[in-house]
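Written out below as structure tokens is the structure these notes cover.
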2 protein chains.
Amino acid sequence: MARSNPTVITIAEEAGVSIASVSRVFNGQPVREETRIRVMAAAERVGYVPNAVARSLKSSRTDQVAFAVEDIGNPVYLAMLRQIQPVLKEAGYRLVLHSTGADTDEEIEVLRGLGQRYADGLIISPIRVTERHLAEFRKAPAPVVVIGSLSEDSPVDNVRADSRTGVELAVDHLLGLGRRRIGFVDGPLDTVPGGARDEGYRAAMARRGLPVDEDLVHVGGFDRATGAAAMRRMLHGGAPIPDALLCANDLIALGVLDELRSAGLAVPHDVAVVGMDDTDLAAASWPALTSVSLGSAERGRRAAALLLERLADPDALLAPRVVTVAPHLVVRASTGGEHGTADGRPAAD
Amino acid sequence: MARSNPTVITIAEEAGVSIASVSRVFNGQPVREETRIRVMAAAERVGYVPNAVARSLKSSRTDQVAFAVEDIGNPVYLAMLRQIQPVLKEAGYRLVLHSTGADTDEEIEVLRGLGQRYADGLIISPIRVTERHLAEFRKAPAPVVVIGSLSEDSPVDNVRADSRTGVELAVDHLLGLGRRRIGFVDGPLDTVPGGARDEGYRAAMARRGLPVDEDLVHVGGFDRATGAAAMRRMLHGGAPIPDALLCANDLIALGVLDELRSAGLAVPHDVAVVGMDDTDLAAASWPALTSVSLGSAERGRRAAALLLERLADPDALLAPRVVTVAPHLVVRASTGGEHGTADGRPAAD
DNA sequence: TTGTACGCGTTATCAG
DNA sequence: CTGATAACGCGTACAA
């Protein structure tokens with residue numbers, strides 16, 4: 001259906017002008033009006049569209065930005081993506097999406113891949129940050145923005161959540177409800193979120209002068225089964241049960257709810273439950289889940305903004321910047337608040 | 001930090017060979033072992049990475065595939081993406097993501113954009129299919145696969161769901177439970193999914209010899225508020241209330257559950273509820289939601305496979321293919337089945 | 001096996 | 001204002 005694609009040369013011949021004029025027309029440079037008309041007419045006639053690749057080779061800009069996360073199915077990363085996408089589009093960039101899987105090597109691969117120059121910049125949210133990551137950040141051939149906490153002197157722009165404050169918000173909320181035996185269920189401690197949330201929990205308890213009862217602390221995966229297992233252990237372990245439970249994400253909290261329900265305990269009457277990340281699941285569950293939002297959406301938006309600044313002026317050589325996004329608590333029924341609502345979204349066929 | 005990027009020329013000089021040899025080394029072509037070593041050494045020394053853009057210009061392949069949907073936040077599209085991504089990666093393609101918004105013009109823009117040759121192919125799931133879409137499909141300069149029902153003689157590969165059968169599964173299930181007054185809540189009829197599901201509902205009822213009571217049919221948006229509004233109307237409208245409700249997606253079903261709960265009616269005892277799309281929300285709700293899966297994940301996977309076939313042999317000129325993915329019912333508590341479970345997913349910081 | 005030279009489609013420079 | 005021509009970085013005939 002498509003014979004060999006029309007190029008500037010095709011158009012030049014077709015319009016009886018030089019290829020330089022064709023180029024000028026398509027780049028809005030000063031041209032005589034008649035030339036303009038003829039070129040546009042010729043282009044229209046043969047359906048000419050400028051080749052993005054050739055353009056990139058010449059300009060050494062791809063108009064693409066890459067976004068790399070471990071699993072785009074994770075609502076937290078999805079929330080970031082949903083903010084990043086429109087910001088980039090607005091600025092004229094396409095989005096290249098990498099879903100790396102739990103594999104650290106793949107993340108490194110993405111970083112190195114930047115050397116191929118298929119993208120003008122990268123936003124990445126690593127699940128763990130290793131020395132290799134830092135090394136790659138340092139020698140990255142294009143601007144990189146990292147979402148997730150980095151050490152203070154890291155070589156790249158960094159947008160971070162504030163888990164500690166987030167956890168404090170939840171603890172204070174529960175204390176305000178008169179709860180004192182506040183349990184905690186976390187994911188792996190060697191991940192960025194898992195580690196930060198554990199620290200946050202202990203710090204918050206200490207600051208309130210509350211002892212941490214290790215019988216009420218459970219570490220597993222960031223999944224529903226972990227929440228159920230933790231609750232089961234606490235219910236049947238012999239020790240006094242908690243009157244509140246803080247969960248490191250909403251999925252864990254759902255598991256906790258499951259188990260409380262089958263044990264015939266009432267939420268929040270017997271046990272109050274708080275999740276983290278404030279995903280769609282929080283509003284969908286019953287009772288609707290109070291959840292600590294760590295501002296994933298805003299982190300995405302801020303990261304995109306930082307990157308765009310660098311791209312706008314690649315030679316600026318600004319010092320690495322650190323942006324911290326404040327958490328906030330979304331109170332719903334699982335701690336005695338109001339029921340939440342979810343926004344609408346169309347189906348697909 | 002990075003002076004002008006190393007190119008084949010840099011390496012050639014550094015290694016004391018010709019640029020052709022450098023190229024050969026990096027493309028696995030026969031080279032004397034010593035040459036190989038020296039080139040690799042030189043490349044290592046200066047940190048050379050082949051430029052993807054230049055390579056593309058030469059090969060006229062970008063190793064990129066575009067995926068375009070209305071809103072990547074929609075769980076259905078997300079499910080597709082999650083399958084498409086790894087398949088493409090495995091085949092060596094990067095994924096360019098377009099989230100077009102409800103705007104049809106933007107979809108057309110994406111289609112036309114293919115002319116810029118920034119991608120080797122496109123997978124698109126349009127919310128509506130207009131004449132303009134068909135025209136663009138016809139003259140697309142690269143292979144296109146459409147997810148969503150197209151007319152029989154459409155010019156491109158097409159992966160479709162089977163809403164009618166899906167709805168029938170649900171209706172049969174409800175009939176099997178002894179329900180007879182089966183209501184229906186749908187989204188806009190002029191969208192692909194809305195239209196298909198409405199037809200499916202009426203066909204299924206007719207085939208079972210059941211009359212459609214228009215008092216039990218409600219059309220609104222694909223959102224939670226619509227579900228609540230519909231249920232409210234049916235409860236307080238004066239007509240006998242339904243003993244079962246089929247909802248065009250899970251979000252609508254959640255709204256229905258909300259309203260039933262505040263009316264003090266029991267699910268499924270008084271009213272059984274069925275959702276569609278089988279998203280994460282279905283397993284998260286309480287009672288867990290029976291839902292019709294239209295196989296979003298499989299549709300994504302199949303679409304990717306079709307596209308890869310075309311890309312593998314661009315000259316094959318196969319006739320357009322149509323793949324229909326079978327729906328299936330996931331029975332949970334909202335119709336009296338077992339409780340569902342959700343898979344685990346890590347949090348992020 | 002290796003090197004030279006050209007072309008991929010554009011943009012930019014420099015004369016005219 | 002316009003046209004010829006040289007890059008951009010790579011792959012590859014073709015010749016040696």
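Within the 4.0 angstrom heavy-atom criterion, only backbone atoms of the sugar-phosphate kind lie near A:Thr35; the bases stay farther away. Residue-level contact check: A:Val17 touches the backbone only, with heavy atoms under 4.0 Å from sugar-phosphate atoms and none from bases. A:Ile9 comes within 4.0 angstrom of no nucleic acid atom, judged by non-hydrogen atoms across all strands. Backbone-only contact: A:Val31 has heavy atoms under 4.0 Å from sugar-phosphate atoms and none from a base. Within 4.0 Å (heavy atoms only), B:Pro50 reaches sugar-phosphate atoms of the nucleic acid but no base atom. The residue B:Thr7 sits close only to the backbone: its heavy atoms come under 4.0 Å of sugar-phosphate atoms, none of a base. Note on A:Val53: nothing from the nucleic acid sits closer than 4.0 angstrom, heavy atoms only.
Side-chain atoms of B:Asp153 and B:Ser151 form a donor-acceptor pair, as typed in the model, at a separation below 3.5 Å. In the model, B:Arg55 has no side-chain atom that pairs as donor or acceptor with a side-chain atom of A:Tyr118 under 3.5 Å.
At the phosphate of D:dC10, OP1 or OP2 sits under 4.0 Å from a side-chain N or O atom of B:Tyr48. Close to D:dG11, at under 4.0 Å from its OP1 or OP2, lies a side-chain N or O of B:Asn27. For A:Ser18, no side-chain nitrogen or oxygen approaches OP1 or OP2 of D:dA4 to under 4.0 Å. Phosphate proximity of D:dT12 to B:Gln29: present, with a side-chain N or O under 4.0 Å from OP1 or OP2. Between B:Arg55 and D:dG11 there is a side-chain polar atom (N or O) within less than 4.0 angstrom of OP1 or OP2.
When A:His133, A:Arg128, A:Arg112 are each tested for a side-chain hydrogen bond (donor to acceptor under 3.5 Å, both in side chains) with A:Glu107, only one passes: A:His133.
Between A:Leu57 atom CG and D:dA6 atom P there is a gap of 17 Å when expressed in whole angstrom units. Distance A:Ile19 CD1 to D:dA4 P: 9 Å, rounded to the nearest Å. Atom CZ of A:Arg61 and atom P of D:dC8 are 18 Å apart (whole Å). The distance between atom CG of B:Asn5 and atom C1' of D:dC8, rounded to the nearest whole Å, is 12 Å. Rounded to whole angstrom, the span from the CG atom of B:Asn51 across to the P atom of D:dC8 amounts to 12 Å. When the C1' atom of D:dC10 is taken as reference, atom CD1 of B:Ile11 falls 13 Å away, rounded to whole Å.
Here the shortest heavy-atom pairing between B:Val53 and A:Ser56 reads CG1-CB, 3.6 Å. When all heavy atoms of B:Gly300 and B:Ile84 are compared, the closest pair comes out as O-CG1, 3.3 Å.
With A:Ser296 contributing its side chain and A:Ala79 its backbone, the two residues share no donor-acceptor pair below 3.5 Å.
More than 12 heavy atoms of other shown residues, nucleotides or ligands fall within 6.0 angstrom of atom CZ in B:Arg94.
A search for salt bridge (charged side-chain N to carboxylate O under 4.0 Å, His left out) contacts involving B:Glu13 returns nothing, not counting sequence neighbours.
Taking 4.0 Å as the cutoff to heavy atoms of chain B, we find the contact window on DNA chain C bounded by C:dT1 to C:dG9.
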